[in-house]
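All remarks here apply to the structure that follows.
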There are 2 protein chains.
Amino acid sequence: MTKVKIHSKEIPVKTIARLSQYRRALLICSQKGKTHIFSHEIAAIQHVTAVQVRRDLMLIGFNGSLKQGYNIHDLVNVISEILDYEEGINVAIVGLGNFGRALFNYFYGKRSQLRIAAIFDNNMEKIGTEYNGVYCYSPYRVEEIVKRENIKIAILTVPPNRAVEVAKKLVDAGIKGILNYTSTPINVPDNVFLDEYDMITTMEKAAFFVKMNEMK
Amino acid sequence: MTKVKIHSKEIPVKTIARLSQYRRALLICSQKGKTHIFSHEIAAIQHVTAVQVRRDLMLIGFNGSLKQGYNIHDLVNVISEILDYEEGINVAIVGLGNFGRALFNYFYGKRSQLRIAAIFDNNMEKIGTEYNGVYCYSPYRVEEIVKRENIKIAILTVPPNRAVEVAKKLVDAGIKGILNYTSTPINVPDNVFLDEYDMITTMEKAAFFVKMNEMK
DNA sequence: ACAGTATTGTTATTGTATTAACAATAATAT
DNA sequence: ATATTATTGTTAATACAATAACAATACTGT
Ligand SMILES: NC(=O)c1ccc[n+]([C@@H]2O[C@H](COP(=O)([O-])OP(=O)(O)OC[C@H]3O[C@@H](n4cnc5c(N)ncnc54)[C@H](O)[C@@H]3O)[C@@H](O)[C@H]2O)c1
Ligand SMILES: NC(=O)c1ccc[n+]([C@@H]2O[C@H](COP(=O)([O-])OP(=O)(O)OC[C@H]3O[C@@H](n4cnc5c(N)ncnc54)[C@H](O)[C@@H]3O)[C@@H](O)[C@H]2O)c1
């Protein structure tokens, strides 16, 4: 999928990703008491060009005013209408080790419409314990709990050698999206969203650029 | 920068990023005792098309054989020659909280040519302590230590409200690349590599796709 | 009143990345 | 021998994204 329809208009997926970033910038400015913002201000915060911002906003049909720029409050609402899942969406963390817990603490409560509804871990000491009021279950109960809690998305942070089997179990249970952080690439059916992130890839890219910059 | 020169050929930066992924797949297969691999096998592991793989390898001038595919060992060497920094490169972790420590544990020792040479944290209890033999310094000493240890890249995991000031300090000290995980966008000069990752953006994208898939 | 300025909104253009198409090749099967 | 198959390597075509260009607008200062 490279484009999606909003108001019967085709919107590039990259625009969608940027909208999320724009909203972040808008919320920061809003907290500072700003009510309006110019395209170049959003651009400066999020490392894109002002033209790109205007073009994206044009695509979603949002208009600014010539002298004041864009109304922050309204724009946040329009973006939220596009991005957010009205009834909220339930998320599970699978593998509550050091990394999983760091993500959990960070993510917990940050987005009201994204609820962490369950934790899965096969460590006996963790099973049955609550973290911030979220219950930790044995992975044997994935199918049952995913259905019962209507969980749509999983954050996968189990050890790399368990990634494939656990991912399969999640998909079989009806999970609709996986954020895979386990350095082991996994495969999912077409109708399941998958994103894989590994900081080592980023680090290697960084190292490569440093090397390149020194050469010239 | 969108293209780089390798052997006087222009290589897209996206190809560079994929080479890092290919190498990961190759190393996995190599460990399993495989000596040769087909383009479609690499492709299946890393979620790209076989054509893309062949095209990328063509760009770096690597040839396979018609019936056996690509020699894994040789290909790893060629990719490493392109990506890796011969003398190795020194990295610092700035902000050793839960997230920083999780990344540290993960990254530590994974890539021989990428060494973690220092930790910076302003917590008095951490300063002066060693983690896996890596010393933790006060952020006041950034300039001194970055120069002394020849540190090129920083992993930024301080609290969001400190990100901008700490990043500035790092750049002033001569850092050449920053991996910013602090949800606060920062600005760096053109000659400094910057990558910003926030799992919430990914999560919102995932939620959006789930929503989209349910609608149709 | 009018020139100057800063901004939006949109179209046109350029540039880049991906995909498709297919010739070339070498092994295998008939 | 000859057809069949599976693969590489490369060029051509397509699709996509970013940038440039600029008209339209509304405010400011003179
Ligand atoms: N992508 C990145 O940048 C990045 C960074 C750090 C860690 N990681 C990866 O994240 C994963 C977790 O790292 P960590 O440092 O937290 O490791 P960890 O060992 O501390 O945590 C793993 C957790 O998974 C649990 N677990 C094991 N098998 C399980 C199963 N079948 N079902 C459910 N839970 C199970 C363990 O009990 C443990 O709590 C690893 O795969 C690691 O490679 C990725
Ligand atoms: N991008 C992501 O997906 C993601 C995930 C988790 C956390 N985070 C971010 O990572 C950062 C760290 O998260 P955490 O959970 O580890 O928080 P934390 O509070 O546990 O860790 C922050 C650490 O930074 C240290 N610190 C504070 N000021 C400093 C300074 N001026 N110089 C050096 N060190 C300093 C603190 O002593 C602490 O050890 C936060 O900005 C958080 O938002 C991002």
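Chain letters run A, B, ... following the sequence lines, proteins first and then strands; every chain starts at 1. Keep in mind that the numbers below use all heavy atoms, side chains included, and drop hydrogens, waters and symmetry copies.
Here H40(B) pairs with F38(B) under the ring-ring contact (aromatic ring centres under 6.0 Å, His included) rule; sequence neighbours left out.
Tested against I82(B) for a side-chain contact (heavy atoms from CB on, under 4.5 Å), the candidates I60(B), T15(B), I11(B), N77(B) yield a single pass: I60(B).
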### Query
How would nucleotides 6-18 of chain C be written as a contact map, 5' to 3', with B for base contact, S for sugar-phosphate-only contact and - for no contact, using protein heavy atoms under 4.0 Å?
SBBBBBB---SSB
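Ion pairing between a basic and an acidic side chain is recognised when a charged N comes within 4.0 Å of a carboxylate O; K147(B) and E143(B) show such pairing.
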### Task
Take Y70(B) and S65(B) through the side-chain hydrogen bond (donor to acceptor under 3.5 Å, both in side chains) test and state the conclusion after the steps.
CA-CA 6 Å; Y70(B) 302 92; S65(B) 92; over 6 Å; no
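Taking each heavy atom of I37(B) and C29(B) in turn, the nearest pair found is CD1-SG, 3.8 Å.
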